[in-house]
Amino acid sequence: MNTKRIFLRIIAYILVIIGGISFIIPFIWTVSTAFKPDEQIFLFPPKWIPEPPTIKHFKEVFEFIPFGLLYKNTVLLALLNIAGTLFSCPLAAYAFAKLKWPGRDMLFIITLATMMLPPQVTMIPQFLIFRRLGWLNTMLPLWMPSFFGNAFNIFLLRQFFLTLPKELDDAARMDGCSFFDIFWRINLPLIIPAITAVTIFTFMGTWNNFIGPLIYVRSYNAMPLSLGLRMFQEAYSAEWGALMAASLMMILPVIIVFFFLQKYFVQGISLTGLKG
Amino acid sequence: MKSYMRILILGVLFVFSLVSFSIVSSAAKKTLEVWAPGGKIWEDTYQEFQRTHPDIELKFVPLTGGFDERKQKLLSAVAGGVPPDVMWVDRFEVSQWAAFDALTPLNKYIPKYKLSPSQYIRQTWDEAIFPWDNQLYALPWQTDNRIIFWNKDIFKEVGVNPDKFPITWEEQLEVNKKLTKFDDKGNVTRIGFAVVEGLGANGSEWVLGWANGGEYMTARSTKVTLNHPKLVETLDWLVKMTDVSGGVEKAAAFKGTWGIEVQAPFFVGKIAAMINGNWTFENIARYAPNLNFGVSPIYRRDVYLKEKKLVPITFSGGHAFAIPKGAKNPEDAFEFIRWITGINGTRAYRNASIAFSKSMNRPWAPIIFAYQAANKESLEALAEQPVTQAIKDGVKLSFDLMAYTRFRDRSPAALLMQREFLGHARDEALYHKKTPKQALDDATRTIQAELDRLLDEWEKRTGKKLR
Amino acid sequence: MTKFKRNKEEIITAYIIILPWLLGLSIFIVGPIISSLMFSFMDYSIVLPPKFIGLGNYKRMFLNDPLFWKSLYNTLYMTVIGVPLNIVLALSVALLLNQKLKGEALFRTIFYLPSVVPQVAISLLWMWILNPQVGLINYLLSLFGIKGPMWLASEQWAKPAFIIMGLWGIGGNMVIFLAGLQNVPQHLYDAAIVDGANIWQRFRYVTFPMLSPTIFFLLVMGIIGTLQIFTQAYIMTAGGPMDATLFYVYHLFNKAFRDFHMGYASAMAWFLFIIIFIATIINLKLAPKWVYYESE
């Protein structure tokens with residue numbers, strides 16, 4: 001038994017390491033290109049270690065775009081979107097998963113249906129709505145909707161709420177808890193891993209959202225990095241080095257955030273001891 | 001239970017107060033809103049405009065991303081009735097915007113500002129005219145063209161005269177065969193003469209078609225003639241040229257070895273000769289300053305076959321500035337586009353770009369402006385730059401070639417034509433799925449159907465008759 | 001299980017907590033969806049006012065546009081092959097990274113990395129990995145004596161190439177699986193081990209049912225997402241070669257923004273909507289057969 005266990009562990013390590021190597025290649029590539037002198041960027045097969053490494057692309061980034069300002073905008077947007085999503089989505093998901101009310105299944109189908117139409121055809125009517133609301137010269141279209149929820153996250157959280165045993169809720173009802181208390185005190189803590197996933201996705205989504213800012217942003221003061229990054233690809237000269245350098249600076253915080261958030265992917269304490 | 005309801009209601013109220021606050025705070029002010037490229041060089045140029053026009057409050061909105069992405073932004077704004085006062089467009093798309101009535105005709109401003117087409121390179125001016133109503137819809141800013149570049153060292157290596165590029169198709173096919181190289185597995189390791197866009201060339205199909213006496217559309221762009229016998233003949237030759245490398249898949253596989261930067265392979269000897277744009281000069285200076293290269297115009301095949309005379313031809317595209325319909329401040333907008341395409345604006349741009357290259361420690365070579373007088377200044381500025389004589393000569397040649405240049409036919413179906421021609425018909429022929437004639441016939445039919453639809457609608461709306 | 005009693009408090013609570021989403025739906029989402037449905041029956045160029053043309057767009061789409069069918073085929077191909085592969089791989093990786101290995105945090109981050117790096121930045125890398133002559137994949141194949149295909153240059157292999165590329169993007173699904181795995185109570189495994197279940201049996205009878213709501217979610221979302229794929233082909237192949245990677249939404253995009261034919265694009269969008277809707281309803285109907293909800 002024990003040797004078999006060790007054997008399986010070794011296989012697991014081997015698989016993880018092989019997979020890890022292939023999955024880290026894109027990142028190494030980005031790092032290496034960011035430090036490459038111009039003439040080595042296009043060498044094929046690629047040269048992995050720049051000779052000599054240069055930091056000039058990082059300087060170029062600051063020459064080309066107001067990087068600090070755009071960074072600030074991006075962080076602000078990410079925080080607002082996370083706050084909005086965490087406010088609206090768990091509530092709606094809980095209503096879909098755990099409560100019974102007239103119209104629930106119908107509204108759930110509608111919720112799913114909102115994801116089924118390619119956004120390209122709803123983009124312009126949506127623009128008209130934001131114009132009517134007077135939001136055009138603001139950042140509001142880029143974060144306010146998250147306070148009203150989005151279908152993907154609601155669906156995801158609903159699925160997680162549904163995996164929680166009903167006995168828990170029934171017991172709490174017996175003790176006189178309100179539905180909101182059950183949601184807040186019992187169900188929500190049990191789906192912290194899913195909440196973490198939603199946080200990561202929202203953060204990433206805001207970080208990489210390009211089309212929204214493209215349509216709505218009308219000044220550097222509201223411009224996020226995802227949009228600014230494209231300035232390195234003008235018609236005649238793509239600044240690949242600078243693009244990579246800026247990408248690297250842009251994704252490092254994402255990686256750090258992920259690294260620290262992933263530790264919430266552990267079994268909820270309450271759940272482990274639940275039925276045992 | 002009551003406490004959470006209070007929290008929720010407060011939350012909802014909070015959101016709505018934010019919404020209503022934002023509605024109040026967005027009162028508009030009359031300024032000149034310009035949507036154009038950002039970055040250091042451009043922004044210096046706008047600053048110069050602001051400095052010389054203190055009475056206009058310039059609000060610059062950086063347009064980022066590619067052609068399609070910019071278009072989505074502009075389309076939403078135009079559809080929403082909140083367009084900018086000035087927008088930067090590809091001249092190639094001017095007719096499409098004009099056909100849908102999205103731009104302001106500029107003709108009425110021309111006498112007032114004493115503008116004349118002769119101040120600009122004629123073709124760039126004409127490209128901004130919509131051929132269905134003959135109105136001018138944009139002022140041209142910059143342009144480019146296509147030339148043959150070749151690597152003299154490789155020519156010497158295979159025993160071809162490195163100082164003169166072959167003229168006839170037969171000779172060029174021969175040379176292509178000599179220059180193309182394979183490894184022992186049959187993989188291509190060097191393309192001899194790149195004449196297909198995306199496989200080492202740029203804009204080549206269009207210019208080679210004209211060089212052969214072909215026409216893509218009738219004069220006022222009401223009829224598609226993509227299956228013109230001369231264009232069929234040209235495509236046939238392109239197929240033969242591509243088959244030299246063992247078929248298009250092999251050529252494409254080899255192309256993949258260059259990564260994404262289309263010019264790099266020429267610099268490292270993976271392409272011996274190519275038809276490419278004048279921007280190649282600055283790239284050579286930057287990435288391959290020691291390259292031993294030659295340049296030659298593309299010559300008209302039809303004239304040469306008839307009279308043995310060498311008449312150059314080339315192909316130009318470029319950008320322009322336009323005023324969308326519904327712009328709040330068209331007067332200042334015109335002043336802006338006149339300034340930025342004129343002598344002062346181009347001078348500001350040139351100075352900024354020279355300063356930028358210097359600060360980045362990069363060589364500089366000029367772009368071609370649409371404004372004639374600006375190009376003289378550019379050449380003078382180039383004379384003082386530390387680049388090789390070959391580059392200076394090459395740039396001079398590309399400037400001179402502007403007299404012979406042509407542009408793609410203007411029409412609201414221009415983008416469809418580009419897609420059908422280069423994305424479809426050409427590939428069907430290169431992959432030997434159809435004969436060049438079949439492929440071009442089919443594409444012609446598709447484009448014509450769309451063009452007819454657009455024409456019907458345009459004629460009905462304007463009450464004019466073109467056919 | 002106690003029989004459900006319709007309870008006023010429950011219903012009121014539900015309506016209150018669903019309120020933000022209900023408002024969001026009605027303010028931001030439903031309007032544009034209905035407009036696009038209307039545009040699908042109109043000649044609408046975005047710039048000019050729309051004109052009603054009945055079923056004109058739909059007729060053209062079904063009868064006169066070979067690229068419509070081609071792009072539909074391409075997209076279904078990607079969905080049918082890509083979605084299951086993606087889910088299986090993401091699940092395998094998540095299971096592996098849930099084993100309390102040393103350096104777990106680091107490995108999880110690494111597997112998520114490709115989802116973080118901007119697409120434009122790695123398209124360059126993919127050109128190399130998939131290159132038939134000097135690329136990594138064909139090199140590895142050659143070690144086994146296999147002559148690799150032409151990948152992106154070939155009509156047959158371009159779509160498989162995109163599916164392979166997609167596998168590098170499993171990070172998001174992996175994250176969802178990792179979250180899902182935390183909801184499988186350890187005591188179930190302990191009980192299974194006591195009963196003498198082997199690894200496969202433990203997966204089949206414990207992990208899989210407990211994860212089935214997550215798998216269901218990823219299946220539905222995978223279908224919705226893959227039927228709308230667009231970006232990579234746009235950046236890397238422009239739909240080629242020979243339209244092999246012209247995906248449905250890419251064609252729609254061409255029509256909407258390059259040809260100013262938003263009415264037609266809307267008709268395409270609604271046809272896709274119907275396909276996705278039917279697929280989702282089938283999924284929902286089949287769900288009770290294999291999805292296990294602890295709550296019910």
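In what follows, chains are A, B, ... by sequence order, proteins preceding strands, each numbered from 1.
Between A:Arg173 and C:Glu9 there is a salt bridge, since at least one side-chain N of the basic residue sits less than 4.0 Å from a carboxylate O of the acidic one.
Side chain of C:Gln228 to backbone of A:Met115: a donor-acceptor contact under 3.5 angstrom is found. Panel note: side chain A:Arg9, backbone C:Gln99; a donor-acceptor pair is recorded below 3.5 Å. Put simply, the side chain of C:Glu10 never gets that close to the backbone of A:Trp101: no donor and acceptor are under 3.5 Å apart. A donor-acceptor pair under 3.5 Å is formed between the side chain of A:Tyr13 and the backbone N or O of C:Lys102. Of the possible donor and acceptor atoms, none in the side chain of C:Trp21 sits under 3.5 Å from a partner among the backbone N and O of A:Leu91. Of the possible donor and acceptor atoms, one in the side chain of C:Arg108 sits under 3.5 Å from a partner among the backbone N and O of A:Gln262.
Listed by chain and residue number, C:Phe39, C:Met42, C:Tyr44 satisfy the side chain to side chain contact (heavy atoms under 4.5 Å, CB included) test with C:Pro50 (two or more places apart in sequence, or in another chain).
Ring geometry for A:Phe148 versus C:Phe28: interplanar angle over 60°, hence perpendicular rather than tilted (30 to 60°).
Taking chain C as the reference chain and counting heavy-atom pairs below 4.5 Å, the highest number among A:Gly19, A:Ala197, A:Pro26 is found for A:Pro26. Ranked by non-hydrogen atom pairs under 4.5 Å with chain C, the options A:Thr30, A:Leu112, A:Ile25, A:Ile191 are led by A:Ile25. Of the residues considered (A:Phe183, A:Trp207, A:Phe160, A:Phe27), A:Phe160 shows the highest number of contacts with chain C, using heavy-atom pairs under 4.5 Å. For the set A:Tyr94, A:Phe96, A:Phe161, A:Phe210, the count of heavy-atom pairs under 4.5 angstrom toward chain C peaks at A:Phe96. Comparing A:Thr196, A:Asn208, A:Asn150 by heavy-atom pairs within less than 4.5 Å of chain C, the highest count is held by A:Asn150.
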Full working for side-chain hydrogen bond (donor to acceptor under 3.5 Å, both in side chains) between C:Tyr293 and A:Gln159: CA-CA 9 Å; C:Tyr293 292 124; A:Gln159 294 303 99; 3.1 Å; yes
side-chain contact (heavy atoms from CB on, under 4.5 Å) evaluation trace for C:Asn183 with A:Leu190: CA-CA 8 Å; C:Asn183 274 9; A:Leu190 287 179; 5.7 Å; no
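Taking each heavy atom of A:Pro118 and C:Ala269 in turn, the nearest pair found is CD-CB, 3.7 Å. Between A:Ile129 and C:Ile27, the shortest heavy-atom distance links the atoms CD1-O, 3.5 Å.
Only the side chain of C:Leu284 comes within contact range of chain A, with at least one heavy atom under 4.5 Å from a heavy atom of that chain. Of the atoms belonging to A:Leu128, not a single heavy atom falls under 4.5 Å from chain C. Residue contact with chain A, scored on non-hydrogen atoms closer than 4.5 Å, is absent for C:Ile275. There is no contact between C:Ile274 and chain A, counting heavy-atom distances below 4.5 Å.
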Which donor-acceptor pairs under 3.5 Å do the side chains of residues 212-226 of chain C make with protein atoms, sequence neighbours left out?
from     : atom 1 : to       : atom 2 : distance (Å)
C:Ser212 : OG     : C:Pro209 : O      : 2.7
C:Ser212 : OG     : C:Tyr292 : N      : 2.8
C:Thr226 : OG1    : C:Gly222 : O      : 2.6

